[in-house]
Each structure stands twice: as C-alpha cells, then as structure tokens.
Amino acid sequence: MVRSVDTFFINGESFINYCSDSDFNYTIYIGQKCKVLRNGKCFIGTLYEVDSNKNTFSIKQNNGEIIEINCVDVEEIFSEEEIGTIIGG
C-alpha cells in the first residue's frame, strides 16, 4: 500500500511524489506512465495533469479517457519504474 501521495508544482514543473509502505519515495512526472488503484478500480495510463492547489491529478488512459483522481482516494500507485520491475520480474 501507499503511505502518502502529494502533488507539486515547482519551477514550472508539475509532478506527483509518493511514499510506499517500504519507505521508498517515487516521483512521477507528466508524460510518464503509471498505474493507480482508486475505490477498488485500476487505472493505467499516462500522467496528464497535476493540480497542486486541489491535490488532484489526471491520468490519460490508452483509450483517450481522462480520469481525475484526488490524492486522498489513492489506495495504491505504481510508477513506470515500478511497473517495469513488476512485469520484468
């Protein structure tokens, strides 16, 4: 499970930072792939938009649908790096 998910806008760059249960910190930048579990549903796509004022982010799925997610609703999140590790073994 994920401990915390936060959105940031620093020096003109928007991104998500999160901490896993094993105390690893990960960062996902706009344009990078990610996998998010929210309310028991899994969303896979590309980080599309980050709103640090509302603490939300959007994922653009492969079918073009854009899903807005509030950070407090995230049950689990995986960065492109983690997805590759999981798939690659």
Side-chain angles (χ1 to χ4, degrees):
M1 292 296 291
V2 68
R3 278 195 199 185
S4 65
V5 180
D6 297 295
T7 58
F8 294 93
F9 181 76
I10 300 173
N11 296 328
E13 192 163 42
S14 298
F15 57 93
I16 298 171
N17 186 273
Y18 66 97
C19 181
S20 69
D21 271 347
S22 52
D23 287 333
F24 287 105
N25 281 302
Y26 295 92
T27 302
I28 303 172
Y29 295 94
I30 290 180
Q32 291 184 318
K33 293 194 181 301
C34 60
K35 178 179 177 180
V36 178
L37 183 65
R38 176 191 74 178
N39 300 326
K41 290 187 177 183
C42 182
F43 301 96
I44 300 172
T46 303
L47 183 61
Y48 182 73
E49 189 174 62
V50 174
D51 187 334
S52 58
N53 293 321
K54 296 191 320 184
N55 207 31
T56 62
F57 60 94
S58 299
I59 293 176
K60 186 172 186 177
Q61 299 185 105
N62 289 339
N63 65 2
E65 184 179 2
I66 297 172
I67 307 293
E68 184 176 88
I69 299 171
N70 191 311
C71 289
V72 298
D73 296 333
V74 174
E75 297 168 24
E76 190 65 84
I77 186 168
F78 298 99
S79 67
E80 188 169 2
E81 174 186 358
E82 288 183 287
I83 294 169
T85 302
I86 293 166
I87 293 170

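For reference, positions follow the sequence shown, starting with 1.
Screening Leu47, Ile10, Ile30, Ile28 against Phe15 for a side chain to side chain contact (heavy atoms under 4.5 Å, CB included) leaves a single residue, Ile10.
Between the side chain of Gln61 and the main chain of Ile66, no donor-acceptor pair closer than 3.5 Å is present. Judged by distance alone, with hydrogens and angles left aside, the side-chain atoms of Asn70 form no donor-acceptor pair with the main-chain N or O of Asp73 at under 3.5 Å. Using modelled atom types, no side-chain atom of Tyr18 and backbone atom of Glu76 make a donor-acceptor pair closer than 3.5 Å. Panel note: side chain Gln32, backbone Glu80; no donor-acceptor pair is recorded below 3.5 Å.
Note on Lys54 versus Glu68: salt bridge recorded, some NZ/NE/NH1/NH2 to OD/OE distance being below 4.0 Å.
Atoms OG and CG, on Ser79 and Asn25 in that order, are 11.5 Å from each other to the nearest 0.5 Å.
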Query raised in the report: Where do Ile59 and Val36 land on the side-chain contact (heavy atoms from CB on, under 4.5 Å) test, with the steps shown first?
Result: CA-CA 9 Å; Ile59 293 176; Val36 178; 3.3 Å; yes

Requested in this report: Check the pair Phe57, Cys71 against side-chain contact (heavy atoms from CB on, under 4.5 Å), reporting the backbone distance first and the verdict last.
Outcome: CA-CA 7 Å; Phe57 60 94; Cys71 289; 3.9 Å; yes

Query raised in the report: Should Ile16 and Tyr29 be marked as a side-chain contact (heavy atoms from CB on, under 4.5 Å) after you check the CA-CA gap, both sets of side-chain angles, and the distance that decides it?
Result: CA-CA 7 Å; Ile16 298 171; Tyr29 295 94; over 6 Å; no

**Report entry** Derivation of the side-chain contact (heavy atoms from CB on, under 4.5 Å) call for Cys19 and Ser4
**Finding:** CA-CA 5 Å; Cys19 181; Ser4 65; 3.8 Å; yes

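The 12-atom threshold is exceeded at CG of Asn63, counting heavy atoms of other residues, nucleotides or ligands nearer than 6.0 Å.
Residues Val2 and Val74 are in side-chain contact: their nearest non-hydrogen atoms beyond the backbone lie under 4.5 Å apart. Phe8 is not listed as a side-chain neighbour of Ser52, based on a closest heavy-atom distance of 4.5 Å or more.
No chain of hydrophobic side-chain contacts below 4.5 Å, direct or via other Ile, Leu, Val, Met, Phe, Trp or Tyr residues, connects Ile67 to Leu37. One hydrophobic cluster, built from ILVMFWY side chains closer than 4.5 Å, cannot hold both Val50 and Tyr48; they sit in different ones.
A donor and an acceptor atom, one from each side chain of Thr56 and Asp51, are nowhere located under 3.5 Å apart.
Heavy atoms only, all atoms of each residue included: Asn39 and Glu75 are closest at N-OE2, 2.6 Å.
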